[in-house]
Amino acid sequence: MNEFKTFLTAAGHKLAVVQFSSKRCGPCKRMFPVFHAMSVKYQNVFFANVDVNNSPELAETCHIKTIPTFQMFKKSQKVTLFSRIKRIICCYRSGFMSNLIFEFCGADAKKLEAKTQELM
């Protein structure tokens, strides 16, 4: 958990993309080379892989229900839809959007790259 916090702190204002996976998971295995290639391609983005078998408490803290799951962070916080629009709508009071997290599950390389590009 401390290593994860250190990683997010080091990312600062930059996008951090975290893959929650397992070495025994078929779809996860297919995403490993894609995830690595993206880490080389997008030098201004921080990438990390968390093996849920080695870090079950972190997976639970991050509410991981299925793998692979990709979560995006900025300033040590999950990127939410609300955090993306609050610059535009300063005093949005309903709050219903604050729980929409930019994350997705499954081995969809195109979706991962598109979301990474969108949030950079």
TODO: Could you label the plane-to-plane angle of the Phe73 and Phe4 rings as parallel, tilted or perpendicular, counting under 30° as parallel and over 60° as perpendicular?
DONE: perpendicular

Which atom of [X] lies closest to which atom of [Y], heavy atoms considered:
X      : Y      : answer
Ser39  : Gln43  : O-NE2, 3.5 Å
Phe70  : Gly106 : CE1-O, 3.5 Å
Pro68  : Cys25  : CD-SG, 4.3 Å
Phe32  : Ser21  : CE2-OG, 3.4 Å
Thr116 : Leu15  : O-CD2, 3.6 Å
Phe46  : Ala10  : CZ-O, 3.6 Å

Task: Residue Gln117 excluded, over 12 heavy atoms near CD under 6.0 Å - done: yes

To the nearest 0.5 angstrom, please state how far the [atom1] atom of [X] sits from the [atom2] atom of [Y].
X     : Y     : atom1 : atom2 : answer
Leu58 : Lys5  : CG    : NZ    : 10.0 Å
Ser55 : Glu60 : OG    : CD    : 12.5 Å
Phe20 : Asn49 : CZ    : CG    : 9.0 Å
Met31 : Ile67 : CE    : CD1   : 13.0 Å

TODO: Answer yes when Lys115 and Glu118 have at least one side-chain N-carboxylate O distance shorter than 4.0 Å, and no when they do not.
DONE: yes

Task: Candidate pair Phe47 and Gln19, rule side-chain contact (heavy atoms from CB on, under 4.5 Å), full reasoning - done: CA-CA 8 Å; Phe47 291 86; Gln19 176 183 13; over 6 Å; no

Open item on the list: Apply side-chain contact (heavy atoms from CB on, under 4.5 Å) to residues His63 and Thr69 and explain how you reach the verdict.
Closed with: CA-CA 10 Å; His63 307 287; Thr69 293; over 6 Å; no

- [ ] Please assess Leu112 against Val17 for the test side-chain contact (heavy atoms from CB on, under 4.5 Å), listing each intermediate value before the final yes or no.
- [x] CA-CA 9 Å; Leu112 174 61; Val17 181; 4.0 Å; yes

Open item on the list: His13 vs Lys75, test: side-chain contact (heavy atoms from CB on, under 4.5 Å). Steps then yes/no.
Closed with: CA-CA 5 Å; His13 294 295; Lys75 297 189 259 180; 3.1 Å; yes

- [ ] Output yes when a side-chain donor or acceptor of Lys23 lies under 3.5 Å from a complementary backbone atom of Asn53, and no otherwise.
- [x] no

